[in-house]
Amino acid sequence: MADGDETTGDSGLVATALALTVATGAMDAISFLALGGVFVSVMTANLSLLGISAGAQDPQRALDAAVAVAGFIVGALLSARIARGERPVRRVRWALGVEVLALGGLWAGWATAGGHPGGGVRLGLLAVAALAMGGQSGLVRAVGPPGMSTTYLTGTLTGLLVDVARDGRVRWVSAALLAALVAGAALGALLVTHAAPAAPALPTGLVALVLLVSLTPPARDVTHLKWASSRGR
């Protein structure tokens, strides 16, 4: 399910991870197609783009990649700070709320630009999108099972392939997460192409749904359990 061998059988946690991963795929499609050709969840790719842009003397690509990396760092630090301390269930909701606010602000700015932002508006929306994904990444890392991720899935793919090659075992949750990323990217691309002003509605709605579900008693119990487990590592 993650950048390691850990998986979970909890259906609520799996559904949450799938929803967040679809949102990630959609945001990556939006950022790649309309916010500068960079990714807002895959920082290794953006760091590579920084090097490529330096070698190719492409200052605009370097600026886009740097903005994405900076936004992601701020989001991850902010989310980790919010999630730190006592009353973990409330803190998880606060962190999700910050991500929803960021995505909602992105959607508002995006819609104002008619789904085709340019110039400084585009850079600002890129920074906000990266901040939201950094926040999601930091939160999931803080409260999820060891190695769990809904934003960077290279390790998930590697673990899946190693398990298949080594003992013929398929981690179906990992496979579902990878499929969710592809599906989210496809949906995001379709929206950007055919209904640009509404494109951010998909990731915003999915994260908002996760926040609403987190208010239910079963979700609070699961979150508290996972937090306690992570604190004990």
Same cluster or not: are V69 and L131 linked, directly or through other Ile, Leu, Val, Met, Phe, Trp or Tyr residues, by side-chain heavy atoms under 4.5 angstrom apart? no

Would you call L177 and S174 a side-chain contact if the rule is heavy atoms closer than 4.5 Å? no

So CZ of R90 and OG of S214: to nearest 0.5 Å the spacing works out to 12.5 Å

Test your reading of the model: is there a side-chain donor-acceptor pair from R122 to the backbone of P117, 3.5 Å cut-off? no

Go through it in stages, so that I can follow the logic: the residues are D64 and L123, the test is side-chain contact (heavy atoms from CB on, under 4.5 Å), and I'd like the CA-CA distance, side-chain angles, deciding distance and then a yes or no. CA-CA 7 Å; D64 292 336; L123 282 176; 3.3 Å; yes

Hydrophobic cluster membership, with links at side-chain heavy-atom distances under 4.5 Å among I/L/V/M/F/W/Y: are V210 and V40 in one? yes

Tell me whether Q57 at atom CD has more than 12 heavy atoms from other residues, nucleotides or ligands lying less than 6.0 Å away. no

Test side-chain contact (heavy atoms from CB on, under 4.5 Å) applied to L153 and T21, step by step: CA-CA 9 Å; L153 299 178; T21 304; 3.8 Å; yes

May I have the step-by-step check of side-chain contact (heavy atoms from CB on, under 4.5 Å) for R61 and L49, ending in yes or no? CA-CA 7 Å; R61 180 59 56 86; L49 285 174; 4.1 Å; yes

Taking all heavy atoms of S41 and all of D28, pick out the closest pair and write down the distance. OG-OD2, 2.6 Å

Which distance, rounded to the nearest 0.5 Å, do you find between the CG of L77 and the CD1 of I82? 11.0 Å

W110 side chain to A196 main-chain N or O, any donor-acceptor pair under 3.5 Å? yes

Could you pull out the closest heavy-atom pair between L103 and A132, with the gap in Å? CD2-CB, 3.8 Å

Please tell me whether L191 and F32 are part of a single hydrophobic cluster in this structure, the criterion being side-chain heavy atoms less than 4.5 Å apart. no

Over all heavy atoms of both residues, which pair between D163 and D167 is shortest? Give the atoms and the distance, please. O-OD1, 2.6 Å

Using 0.5 Å steps for rounding, measure from the CZ atom of R169 to the CG atom of L160. 10.0 Å

Considering non-hydrogen atoms only, spot the tightest contact between S137 and T151 and give its length. OG-OG1, 3.2 Å

Testing L139, V98, V74 one by one against S79 for a side-chain contact (heavy atoms from CB on, under 4.5 Å), which residue passes? L139

Determine, using the 4.5 Å side-chain heavy-atom cutoff (strictly less than), whether V182 and L161 are members of one ILVMFWY cluster. no

So, the side chain of E99 versus the backbone of V207: is there a donor-acceptor pair under 3.5 Å, distance only? no

Which heavy atom of V192 sits nearest to which heavy atom of A199, and what is that distance? CG2-CB, 3.9 Å

Taking T204 for the side chain and A201 for the main chain, is one N or O donor matched with an acceptor at less than 3.5 Å? no

Would you call L50 and N46 a side-chain contact if the rule is heavy atoms closer than 4.5 Å? no

Let me check something: do V128 and L202 share a hydrophobic cluster, defined by ILVMFWY side-chain heavy atoms less than 4.5 Å apart, either directly or through other members? no

From T16 OG1 over to L211 CG, what is the distance, rounded to the nearest 0.5 angstrom? 11.0 Å

How far apart are the C-alpha atoms of L20 and L206, what are their side-chain angles, what is the distance that settles it, and do they pass the side-chain contact (heavy atoms from CB on, under 4.5 Å) test? CA-CA 7 Å; L20 292 176; L206 285 171; over 6 Å; no

Which heavy-atom pair separates M27 from L106 by the least distance, and what is that distance? CE-CD2, 3.4 Å

